[in-house]
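Only one structure is covered here, and it is reproduced in the block below.
Side chains are part of it too, since the values below use all heavy atoms of this structure and drop only hydrogens, waters and symmetry mates.
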Amino acid sequence: MKALCRSWLLVVFLSGWLSALVIPDTEAAEHVGQKATVEGTVVAVFTSSKGNTFINFGGKYPHQTFTGYIPADSALAGGGSSLGGLEGKRIKITGTIDLYKGKPEIKVTSKDQLALE
């Protein structure tokens, strides 16, 4: 029984460790489909006319290396002006990495997904 408990604890520990993958924005495209924390410097924050906000790392659109995408219908929507203060700062965005038009992005729906370094 003790051996089974130890094995179970090891599995739980390793699961948490693997889900805490932290990668630079320049490597995000190599981790599509994985849950990860992407870190980098915010180059631009842009809110579209439809209310979607984009936090770009590595360059301005369309030359960004990674994007944090905040949909207009999320609780964070409309924070474009306050999010503009992130430009030039190093932050981390956590979530599942997807590709949009060949660029990696994470959909951000909670402020818990964002962290200043």
Side-chain angles (χ1 to χ4, degrees):
M1 183 67 173
K2 285 184 180 181
L4 180 61
C5 286
R6 282 188 212 134
S7 296
W8 182 248
L9 286 174
L10 180 61
V11 168
V12 170
F13 173 75
L14 288 176
S15 298
W17 180 73
L18 292 174
S19 66
L21 179 65
V22 178
I23 56 172
D25 58 300
T26 55
E27 295 177 15
E30 299 168 26
H31 298 275
V32 172
Q34 296 178 10
K35 182 175 180 183
T37 297
V38 178
E39 61 183 355
T41 301
V42 177
V43 172
V45 177
F46 172 76
T47 301
S48 73
S49 60
K50 294 183 179 182
N52 300 310
T53 300
F54 304 90
I55 303 169
N56 293 325
F57 293 8
K60 291 184 178 182
Y61 179 84
H63 304 290
Q64 77 278 15
T65 54
F66 172 79
T67 298
Y69 158 64
I70 302 172
D73 63 352
S74 80
L76 295 176
S81 59
S82 62
L83 292 172
L86 293 175
E87 289 182 11
K89 295 196 169 53
R90 287 194 56 81
I91 69 167
K92 294 179 180 180
I93 299 177
T94 301
T96 302
I97 301 171
D98 293 315
L99 275 185
Y100 179 75
K101 295 188 177 182
K103 299 285 187 167
E105 71 175 18
I106 290 178
K107 182 177 180 179
V108 180
T109 57
S110 166
K111 61 182 171 184
D112 295 337
Q113 291 177 261
L114 301 171
L116 279 170
E117 283 191 3

Next item on the list: Calculate, to the nearest 0.5 Å, the distance between atoms OG1 and CD belonging to T94 and E39 respectively.
Entry: 10.0 Å
Item checked: Any donor-acceptor pair under 3.5 Å from Q113 side chain to S110 backbone -> yes
Check: Do you reckon I106 sits in the same ILVMFWY cluster as V32, going by side-chain contacts under 4.5 Å, direct or chained?
Finding: yes
Next item on the list: Could you check I93, V108, N52 and say which one makes a side-chain contact (heavy atoms from CB on, under 4.5 Å) with Y69?
Entry: N52
Check: Do you know the tightest heavy-atom contact between S74 and T109?
Finding: CB-CA, 4.2 Å
Check: Can you check side-chain contact (heavy atoms from CB on, under 4.5 Å) on L116 and K89, steps first, answer last?
Finding: CA-CA 8 Å; L116 279 170; K89 295 196 169 53; 3.9 Å; yes
Item checked: Least distance between heavy atoms, L21 atom then H31 atom -> CD2-ND1, 3.7 Å
Notebook entry, point to check: Nearest heavy-atom pair of I97 and P104: which atoms, and what distance?
Noted result: CG2-CB, 3.9 Å
Margin query: Using 0.5 Å steps for rounding, measure from the OG1 atom of T65 to the NE2 atom of H63.
Written below: 12.5 Å
Checklist line | Hydrophobic cluster membership, L99 vs I23, 4.5 Å side-chain cutoff | finding: yes
Item checked: Identified ring-ring contact (aromatic ring centres under 6.0 Å, His included) partner of F66 from the options F57, Y100, F54 -> F57
Margin query: How close do E87 and V45 get, counting heavy atoms only, and between which atoms?
Written below: OE2-N, 3.0 Å
Next item on the list: For the pair T47 and T53, evaluate side-chain hydrogen bond (donor to acceptor under 3.5 Å, both in side chains) and give the outcome as yes or no after the intermediate values.
Entry: CA-CA 4 Å; T47 301; T53 300; 3.0 Å; yes
Checklist line | Common cluster, L114/V42, ILVMFWY with side-chain heavy-atom separation under 4.5 Å | finding: yes
Checklist line | Closest non-hydrogen atom pair between K103 and Q64, with its separation | finding: NZ-O, 3.0 Å
Checklist line | T67 versus N56, closest heavy-atom pair with distance | finding: OG1-OD1, 2.7 Å
Notebook entry, point to check: Under 4.5 Å between side-chain heavy atoms, hopping through other hydrophobics if needed: is there a path connecting I91 to L83?
Noted result: yes
